[in-house]
*Asks:* 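Have a look at the structure that comes next, please.
In listed order, ligands and their atoms are each counted from 1. Numbering of residues begins at 1 and proceeds along the displayed sequence.
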Amino acid sequence: MAMNKVQFQAGMSLSEFFEQFGTEQQCERSLEQARWPHGFVCPQCGGAHASQFSVGRTRYWQCSGCRHQTSLRSGTIFHSSKLPLRKWFQSMFLISQSKNQVSALELKRQLGVSWPTAWRVKQKLMQVMVEREAGRILQGDVVIDDAYLGGEHRGKAGRGSENKVPFVAAVELNEEGHPIFARFDLVDGFTKAAISRWAKQFLASDSHVASDGLNCFPAVTQSGAAHLPEVVGSGRCSIDMPCFAWINILLGNLKTSIAGTYHAFKFRKYGRRYLAERQYLFNRRFDMKAILPRLLHAGVATGPRTEAWLRSAEHSC
Ligand SMILES: [Zn+2]
């Protein structure tokens, strides 16, 4: 099966990681390269010339044009973090190269850091993934399904369980029917209005959508997408059709990963980040070795995210 090639790829080995990112200096160089691949650029005025100085172990660049001072980390996801960069890189390595997701508790153990530090690192890196995946549009043949975090994929609807939240799972298939990209998005519920909003945001207007017979799914047509009537059955039985095989595998893996990795978290508040992490890693699964550098670049592009910001409900869901 095509999936095996993905599962058996080499990825980045532990020794490769330590060769490239084993010291603080190596990590600093990598961050500098990711941030300023063509040399210093002032975040304030765009100037290219600066003088450098250090305060303690922190290097600063002072723009020759506007005198603005910046460190390597300022203005990135690493902003104001006192954690050594090599620990950040170790976190990115563990998160990007593991088969299942890596919890904050596991990061705490593996990195030898406090729980609050591990929590912040994990939440910040997941937020990077949320923002990187936010604009991903699925196109062509897309299969969608309804699922719940904190509940059975097929079971009673979320009523009566506060920590059971609905999400849409969607996968774009290529001409051979193999999965290319996926999206996992929290929704208010499986209503026509919620599915219409989701489709307008994340589906290309020329996509062809297959779903089971749940009566909210035809609302995807409000985005301009076509809803394949031949797949729509009158009941749940249609999920056994071949085109649903991949989405069932994806949802099964997602559920195993989340259940096996995380004991409990506030699904409604933080579910979006956990789903985005899964989505980010799935959508880059063909080249695992490249995930760490890509995550580093994404972290540079993501602005500072404070703990208060990360904890606020407004930004969490
Ligand atoms: Zn400047």
*Asks:* Work out which heavy atom in Leu295 is nearest to a heavy atom in Met92; give both atom names and the distance.
*Replies:* CD2-CG, 3.9 Å

*Asks:* Got Leu296 and Trp88 here, is their nearest side-chain heavy-atom distance under 4.5 Å?
*Replies:*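 No, side chains not in contact.
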
*Asks:* Would you say Asn283 and Glu133 are linked by a side-chain donor-acceptor pair, where the criterion is simply a distance under 3.5 Å?
*Replies:* yes

*Asks:* Is there a donor-acceptor contact under 3.5 Å linking the side chains of Ser257 and Arg278?
*Replies:*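 Indeed, the side chains of Ser257 and Arg278 share at least one donor-acceptor pair under 3.5 Å.
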
*Asks:* Quick one: give me the number of protein N/O/S atoms under 2.8 Å from the Zn ion (ligand 1).
*Replies:*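 Under the 2.8 Å cut-off, the count stands at 4.
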
*Asks:* More than 12 heavy atoms of other residues, nucleotides or ligands under 6.0 Å from CD of Glu175: is that the case?
*Replies:*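 Result for CD/Glu175: open.
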
*Asks:* Could you list all the side chain to side chain donor-acceptor pair (under 3.5 Å) pairs where at least one residue sits in residues 29-38, not counting sequence neighbours?
*Replies:* Glu32-Arg59

